[in-house]
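Counting starts at 1 for both ligands and their atoms, in listed order.
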Amino acid sequence: MNSRPLNVGLIGLGTVGSQVAERMVSWGPQLSRRAGVELCLKRVLVRDPAKRRSIEISSDLLTSKPSDLLDDPAIEVLIEVAGGDEPIRSYIEQAIRAGKHVITANKVVMAKHGPELLDQAAERNVDVYFEAAVGGGIPLISTFRMDLQANRIERVSAVINGTTNYVLGRMSSAGISMHDAVREAQDAGYAEADPTDDVEGFDATYKLAILASIAYEIKVRPAEIYREGINGIEPVDFRYARELGYAIKLIAHTQRHPGRVEARVHPAMISLDHPLARVEGAENAVFVEGDLVGQVLLVGQGAGGRPTASAVVGDLIDLARSIRRGVQSRPSFSFDDRIGVIPIGEVKTRAYYRIRVDDKAGVLAAIGQVFAEEGVSISSFIQKDAWSHDQTAELVVLTHPSLDASLQKARERMAGLEAVRTVSSFLRVF
Ligand SMILES: NC(=O)c1ccc[n+]([C@@H]2O[C@H](COP(=O)([O-])OP(=O)(O)OC[C@H]3O[C@@H](n4cnc5c(N)ncnc54)[C@H](OP(=O)(O)O)[C@@H]3O)[C@@H](O)[C@H]2O)c1
């Protein structure tokens, strides 16, 4: 073992940080043996050092002054598990400038600024590890960076947000509203008090931006990714989906096309035969297709203090080994700037519409005409429930693959038809 310890600074001692610190302290000798060097937790930056902590930690380690970590030349590695954009991005940048290696679980920073931070790190000859930023404990980044290096990645499809998967699962199995399912998820600790980031698809979009960037080695920004949340889906949609052989999931999908890539996050009907349809509760799953390896499915706990700490501390061991051996064991990234993201309107997909119409003659013909004029071909047209009290009926339409722009146009035009009360649901079929 190398005689000089490797000093580590930690930013954040919350859900993830406390598990990282706990592992480093309680499993110190094992981790150090694997790393080939003694790993020493030297300083921990928090907002409030006086706060009660869930683990036992010496108060001498705690500080609220960023400079105690960033300006300490003895600290060679900075682990950032605080979260959010600023001031954390600046801390990471400062650490890189000071020649420190960085390990982060921060999807927001990596999705928005990852390529720049990785470029800066390469210039300073240090590394940025971010396994925990996507998929918590599931080894994704290292899988792309190491094990799938020989492949051209063709597509990645994922259920990558545990909160929405839990919510959609409860709506499907218990027939409850989204509002009630979100409340249940909050009570079970799967959803934040403010669930916007998850429910609106932002969290999945950050993760897809990172996955797409490393899968294709291009810069994919969250703002370039088409995003739609799970609002608007009703329990009846799960019933119809099941009857038609589908589940409903929030899908993050990216696919390579000549000169461009597709990248989108939205709820979708997915065939019950697809492995992603079977991802339950707060689990995450990532389905990768490489030209050499074929299909690979990675499944596991996408969040939680312990699974996420598994990824962070795993990064630390790998990094420590490289630092002390003086060799970079992982290839660095180089991002191609010339490849852009295809606008959603140009993507080809199938769609499901649930339409409430007046129960009278001629309605089907009018709807059929809209689809025909938009060049969308229908694969099934089913009349579901009819209500005599207001003479309305519910129609379900499934289409063949069409341009998304045409599907949207058909939706708009149908909503304007006299006999159509409302287009209650529109879901892409995956
Ligand atoms: N939780 C998960 O399951 C999970 C999974 C994957 C990735 N992540 C990522 O891991 C990171 C941490 O998540 P978490 O759930 O552990 O968060 P958390 O429980 O809210 O903990 C955040 C910690 O960071 C400290 N902190 C926040 N802002 C700070 C600042 N400006 N300066 C100094 N310290 C600051 C807080 O200090 P105080 O304690 O003094 O308030 C707290 O200890 C986030 O990027 C998150 O996206 C989390």
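Among residue pairs with one or both ends in residues 287-313, those qualifying as salt bridge (Lys or Arg N to Asp or Glu O under 4.0 Å) are Arg155-Glu289; sequence neighbours excluded. A salt bridge (Lys or Arg N to Asp or Glu O under 4.0 Å) check over residues 102-113, counting only residues at least two apart or in different chains, returns the pairs Asp85-Lys112, Lys107-Asp203.
Each of Leu297, Thr143, Ile160, Val296 was scored for a side-chain contact (heavy atoms from CB on, under 4.5 Å) with Val286, with one residue passing: Ile160.
Atoms CD and CG, on Glu22 and Leu13 in that order, are 11.0 Å from each other to the nearest 0.5 Å.
Contact shell of ligand 1 (protein heavy atoms, cutoff 4.0 Å): Gly12, Leu13, Gly14, Thr15, Val16, Leu45, Val46, Arg47, Asp48, Lys51, Arg53, Val81, Ala82, Gly83, Pro87, Ala105, Asn106, Lys107, Ala132, Ala303, Gly304, Thr308.
Partners of Asp404 under the salt bridge (Lys or Arg N to Asp or Glu O under 4.0 Å) rule, at least two apart in sequence or in another chain, are Arg428.
The cationic atom of Arg170 (NZ for Lys, CZ for Arg) does not lie both less than 6.0 Å from the six-membered ring centre of Tyr190 and within 45° of the ring axis.
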